[in-house]
Amino acid sequence: MDLRVPILRTVGALLIISAGAAFLLGITVTSSVSLVFIFVGAAILLLALLGRGSKRGDVALFAVGLLILATFTSTDVGALSPGTQRISHTVMKAMLSNQLIDLVASTDKGGISIFYSTKSNLAYQVNFTRTSSSFGSLGGSIPSTSLTNETQEDVFVLNATAHSYDISIAIGTGYLVNMTANTGTGSINVKGPGGVRLGNVFLQSGTGTITANLTSQSIREVALQAGTGSISLYSNHLTPNGARIPVKLQAGTGSVNLDVKIVKGTAVLLEASAGLGNVNQNLQGFTVSSQSTRSNLVAQAADVSAAGGSFIVQASTGAGSVTVNAQFTG
């Protein structure tokens with residue numbers, strides 16, 4: 001009876017077990033090809049030292065084990081992940097009497113989504129979400145989340161901060177909300193229904209798109225800024241909460257799109273520019289300056305210095321196109 005342990009078969013089985021453990025824990029490496037050379041070299045050396053040959057079936061099992069381990073530790077296997085990790089915080093309206101909310105959301109790597117909930121009894125819900133494929137990535141910092149809240153002079157300050165997590169925030173209706181969202185790498189999406197009031201809206205992404213639908217009863221100030229990425233601002237009902245309300249859309253590299261319906265009687269001064277690109281416009285109810293060019297546009301509706309409600313709109317990009325569509329609605 002041959003009691004010798006089949007080396008390649010044993011190593012192949014261990015490789016498959018290691019692949020399963022790596023996938024479960026979300027362990028990834030930058031180059032899984034290096035694993036192939038390490039295990040092949042180790043197996044050949046072990047066989048040489050023991051002076052043994054190998055059967056075809058053992059070689060096949062060893063090769064399959066290598067392939068599975070390399071696949072499941074690759075940084076590209078995220079699409080195969082079956083689940084996510086979610087940390088959720090929910091507060092009902094009965095627990096929040098403040099009508100003004102200062103909302104701050106920031107993450108270094110991840111997207112941010114802010115929207116209004118249809119649940120009448122909800123004050124807010126914050127979800128931190130992370131795909132399991134990135135758990136325990138080698139060489140990276142430990143993912144973390146933080147949620148704080150405090151009341152400052154009748155203003156409820158809600159601060160959601162994360163490292164390597166996506167942030168999703170649902171706000172209940174009936175609150176006046178100031179929004180500040182910042183991500184280093186990731187997209188930002190904000191959606192406000194027509195029946196709400198918005199305060200200041202500041203959205204910034206180092207690398208990623210920004211999409212904001214700010215249909216609302218009134219708004220104070222808007223600033224959307226992306227280093228590399230496109231910016232889009234939509235609204236079916238945009239009303240200034242005062243005179244000369246600034247609306248600024250600025251991208252370093254990427255397209256800028258403004259598509260809004262402004263309440264009739266609002267004065268608007270609109271300036272758009274593209275360093276390397278064109279400015280496209282479809283403006284109804286505006287007077288376009290004769291000095292406007294293909295890459296620079298100045299247009300005005302009524303007198304912003306005399307109107308009680310007015311916008312100062314600036315849309316620009318360093319490299320990319322700017323498209324502005326605006327009209328007035330009752």
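Start at 1 with the first residue, then count along the sequence. As a basis for the values below, the full set of heavy atoms in this structure was taken, side chains included, without hydrogen atoms, waters or symmetry mates.
Heavy atoms from other residues, nucleotides or ligands lying under 6.0 Å from NZ of Lys248 number 12 at most.
Evaluation of the side-chain hydrogen bond (donor to acceptor under 3.5 Å, both in side chains) test over residues 177-191, restricted to residues two or more places apart or in two chains, returns Asp102-Asn178, Asn182-Gln204, Ser187-Thr209.
Atoms CG and CG, on Leu203 and Leu249 in that order, are 9.5 Å from each other to the nearest 0.5 Å. Distance check: Gln225 CD to Ile210 CD1 gives 8.0 Å after rounding to the nearest 0.5 Å. Atom-to-atom distance recorded for Gln217:CD and His237:NE2 is 8.0 Å, nearest 0.5 angstrom. Separation of atoms CD1 (Ile167) and CD1 (Ile87) is listed at 11.0 Å; rounding is to 0.5 Å. Residue Leu158 holds its CG atom at 7.0 Å from CD1 of Ile101, rounded to the nearest 0.5 Å. Between atom CG of residue Asn98 and atom OG1 of residue Thr151 there is a gap of 4.5 Å, rounded to the nearest 0.5 Å.
Between Glu271 and Val298, the closest heavy-atom pair is CG-CG2, 4.4 Å. Closest non-hydrogen pair, Gly174 versus Gln99, comes out as O-OE1, 3.0 Å. Of all the heavy atoms in Tyr116 and Arg197, the pair that sits closest is OH-O, 4.2 Å. Counting all heavy atoms, side chain and backbone alike, Ile188 lies closest to Ala181 at CD1-O, 3.8 Å. Nearest heavy-atom pair, Val196 versus Ser216, reported as atom, atom and distance to 0.1 Å: O-CB, 3.3 Å.
At least one side-chain heavy atom of Leu270 sits under 4.5 Å from a side-chain heavy atom of Leu297. Put simply, the side chain of Leu103 does not reach to within 4.5 Å of the side chain of Tyr124, judged on heavy atoms. You'll find the side chain of Ser97 stays beyond 4.5 Å of the side chain of Phe156, heavy atoms only. Put simply, the side chain of Arg220 does not reach to within 4.5 Å of the side chain of Leu198, judged on heavy atoms. Residues Gln125 and Ser117 form no side-chain contact, since every pair of their non-hydrogen atoms from C-beta on lies 4.5 Å or further apart. Side-chain atoms of Val190 and Leu214, non-hydrogen and from C-beta on, do get closer than 4.5 Å to each other. With contacts defined as side-chain heavy-atom distances shorter than 4.5 Å, the pair Phe128/His89 qualifies.
By the criterion of side-chain heavy atoms lying less than 4.5 angstrom apart, applied directly or through intervening Ile, Leu, Val, Met, Phe, Trp or Tyr residues, Leu96 is grouped together with Ile169 in one hydrophobic cluster.
Every residue two or more places apart in sequence or in another chain was checked for a side-chain contact (heavy atoms from CB on, under 4.5 Å) with Glu153, and none qualifies. Looking at residues two or more places apart in sequence or on another chain, you find no ring pair (Phe, Tyr, Trp, His ring centres under 6.0 Å) involving Tyr175.
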Note to self: Could you go through Ser255 and Ser230, starting from their C-alpha distance and side-chain angles, then the distance that decides it, and tell me whether this counts as side chain to side chain donor-acceptor pair (under 3.5 Å)?
What the structure shows: CA-CA 5 Å; Ser255 61; Ser230 300; 3.0 Å; yes

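Checked by atom type, the side-chain pair Asn127/Thr129 shows no donor-acceptor distance below 3.5 Å.
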Only distances under 3.5 Å count here; give the side-chain donor-acceptor pairs of residues 305-329 to other protein atoms, sequence neighbours excluded, each with its distance to 0.1 Å.
unit_1, atom_1, unit_2, atom_2, d
Ser305, OG, Asp303, OD1, 2.6
Ser305, OG, Asp303, OD2, 3.2
Ser310, OG, Arg244, N, 2.5
Thr317, OG1, Ala251, O, 3.4
Thr317, OG1, Gly254, O, 2.6
Thr317, OG1, Ala319, O, 3.4

Name every donor-acceptor pair, under 3.5 Å, that has one atom in a side chain of residues 274-291 and the other anywhere in the protein, sequence neighbours excluded.
unit_1, atom_1, unit_2, atom_2, d
Gln281, OE1, Leu283, N, 3.2
Ser289, OG, Gln291, N, 3.2

With a cut-off of 3.5 Å and sequence neighbours excluded, list every side-chain donor-acceptor pair involving residues 105-114.
unit_1, atom_1, unit_2, atom_2, d
Thr107, OG1, Ala162, O, 3.4
Thr107, OG1, Tyr165, O, 3.0
Asp108, OD1, His163, ND1, 3.2
Asp108, OD1, Ser164, N, 2.9
Asp108, OD2, His163, ND1, 2.2

